[in-house]
Amino acid sequence: MERTSLRAALAGDRPLRVGWSCLSDPLAAEIMVRAGFEAVLIDLQHGVIDMGAAPVLLAAIRAAGGYALARIPVGEYQSASRLLDWGADMVVAPMIETADDARAFASFMKYPPDGLRSYGPARAVQLSGLSADAYRTSANGSTLAVVMIETRGALANLDAILAVPGIDGVFVGPFDLSIALSPDGEPGPDRPDTMAAMERVARQARAAGKVCGAFGANAMLTRRYLDLGFTFASLSTDMDLIAGAARAAIAEVEGTG
Ligand code: 3PY
Ligand code: MG
């Protein structure tokens with residue numbers, strides 16, 4: 001049976017539950033889907049995940065019934081095409097500054113005539129259950145090219161970035177963004193200046209008809225970003241969830257919690 005596309009799922013009546021995978025073990029990603037996350041992003045920028053681990057992680061997420069998202073390292077736009085070929089539903093590009101950056105990324109994400117994605121989606125076709133032709137003709141619309149807004153340059157160029165053909169949405173990194181906004185380089189993912197900038201990003205993205213997401217390091221931040229109007233906000237990471245649960249269990253046993 002053909003599954004609902006990620007684009008359609010994101011337009012549903014409640015925000016999709018998005019988990020964040022930093023670990024290279026496919027079981028960890030699969031467990032997050034089975035625990036209730038409807039989508040999981042594999043983080044090739046800051047996580048301990050390389051291109052060798054990526055296809056196995058993407059397949060594990062999809063086999064468990066989740067949408068598979070991936071973040072590439074800064075500027076490595078060519079790896080976006082490979083992640084799509086391995087079944088990613090969305091690729092997120094960090095530290096985008098200008099419309100030219102966004103255009104370069106989009107060109108690796110979309111098949112001609114919209115872009116220059118090279119043809120070879122054998123693995124994505126297997127995972128999708130579609131025919132090769134059906135995958136090729138639907139991929140530009142069903143997979144999402146999402147750029148991160150997390151610098152002063154990106155904020156200044158937001159309208160131009162949102163207008164780039166092939167860019168389906170934006171994703172805010174509140175840590176980098178708050179560091180960029182702070183005079184002394186201090187992170188503050190819930191500082192008033194960060195929240196005000198994020199509210200503007202969400203509003204402009206929605207006005208442009210684009211998806212807007214944000215990285216939520218914990219439940220409080222995820223809730224606050226959703227309240228600002230983001231389409232989705234991720235929730236914690238596999239590493240933080242394991243560490244937090246371990247700390248809580250130890251504290252409970254030792255009566256120090
Ligand atoms: C940020 O907050 O800057 C991120 O990129 C989240 O990983
Ligand atoms: Mg960042």
Side-chain angles (χ1 to χ4, degrees), residues 15-24 28-29 32 37 39-50 54 57 68-77 79-80 83 88 90-98 101-102 105 144-158 161 167 169-202 205 211-244:
L16 215 58
R17 295 194 290 260
V18 179
W20 197 274
S21 199
C22 298
L23 301 174
S24 58
M32 285 199 289
F37 285 112
V40 172
L41 179 143
I42 64 167
D43 187 1
L44 286 89
Q45 182 192 13
H46 292 304
V48 292
I49 297 173
D50 60 21
L57 285 160
L69 285 44
R71 176 164 74 173
I72 57 176
V74 177
E76 292 194 12
Y77 304 138
S79 58
L83 291 159
M90 173 192 291
V91 180
V92 177
M95 301 299 269
I96 292 291
E97 289 260 67
T98 64
D101 292 344
F105 170 57
L144 285 90
V146 169
V147 292
M148 288 195 72
I149 305 297
E150 50 184 354
T151 64
R152 282 179 178 271
L155 279 184
N157 295 319
L158 182 59
I161 290 170
I167 293 300
V170 294
F171 187 86
V172 174
F175 284 90
D176 276 314
L177 183 64
S178 58
I179 287 168
L181 293 176
S182 156
D184 45 10
E186 277 293 312
D190 59 349
R191 249 185 1 234
D193 58 337
T194 313
M195 297 295 279
M198 290 180 72
E199 195 271 334
R200 178 166 84 82
V201 174
V211 164
C212 52
F215 173 81
N218 57 46
M220 183 273 288
L221 289 169
T222 297
R223 249 196 316 261
R224 291 194 63 183
Y225 300 155
L226 290 175
D227 288 346
L228 288 180
F230 282 89
T231 320
F232 70 98
S234 61
L235 171 57
S236 193
T237 70
D238 50 3
M239 289 206 294
D240 281 352
L241 290 169
I242 292 170

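Order of appearance sets the numbers: ligands from 1, and atoms from 1 within every ligand. These numbers were taken from a predicted model, which means no experiment stands behind them.
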>> Working note: Val91 + Ile72, criterion side-chain contact (heavy atoms from CB on, under 4.5 Å); need CA distance, chi angles, decisive distance, verdict.
In response: CA-CA 7 Å; Val91 180; Ile72 57 176; 3.7 Å; yes
> What's the verdict on side-chain contact (heavy atoms from CB on, under 4.5 Å) for Val18 and Val40, showing C-alpha distance, side-chain angles and the deciding distance?
Replying inline: CA-CA 5 Å; Val18 179; Val40 172; over 6 Å; no
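Residues that satisfy the side-chain contact (heavy atoms from CB on, under 4.5 Å) test with Ala54, not counting sequence neighbours, are Ile42, Leu44, Leu83, Trp86.
Distances from the Mg ion (ligand 2) to the N/O/S atoms of Glu150 are shortest for OE1. The Mg ion (ligand 2) is closest to atom OD2 of Asp176 (considering only N, O or S atoms).
Atom SG in Cys22 sits 9.5 Å away from atom NE2 in His46 (nearest 0.5 Å).
The aromatic rings of Trp20 and Phe215 sit perpendicular, their planes meeting at an angle over 60°, well past the 30° parallel limit.
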Contacts under 3.5 angstrom, residues 183-190 side chains, donor-acceptor by atom type, not counting sequence neighbours:
| residue | atom | partner | partner atom | Å |
| --- | --- | --- | --- | --- |
| Asp184 | OD1 | Ser182 | OG | 2.5 |

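Screening residues 233-243 for salt bridge (Lys or Arg N to Asp or Glu O under 4.0 Å) gives no qualifying pairs among residues at least two apart or on separate chains.
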Give every pair formed by an N or O atom of ligand 1 and a protein N or O atom closer than 3.5 Å, one pair per line with both atom names and the distance to 0.1 Å, or write none.
| residue | atom | partner | partner atom | Å |
| --- | --- | --- | --- | --- |
| ligand 1 | 2 (O) | Pro174 | N | 3.1 |
| ligand 1 | 2 (O) | Phe175 | N | 2.7 |
| ligand 1 | 3 (O) | Glu150 | OE1 | 3.1 |
| ligand 1 | 3 (O) | Asp176 | N | 2.9 |
| ligand 1 | 3 (O) | Asp176 | OD2 | 3.1 |
| ligand 1 | 5 (O) | Arg71 | NH1 | 2.8 |
| ligand 1 | 5 (O) | Glu150 | OE1 | 3.3 |
| ligand 1 | 7 (O) | Arg71 | NH1 | 3.3 |
| ligand 1 | 7 (O) | Arg71 | NH2 | 3.1 |

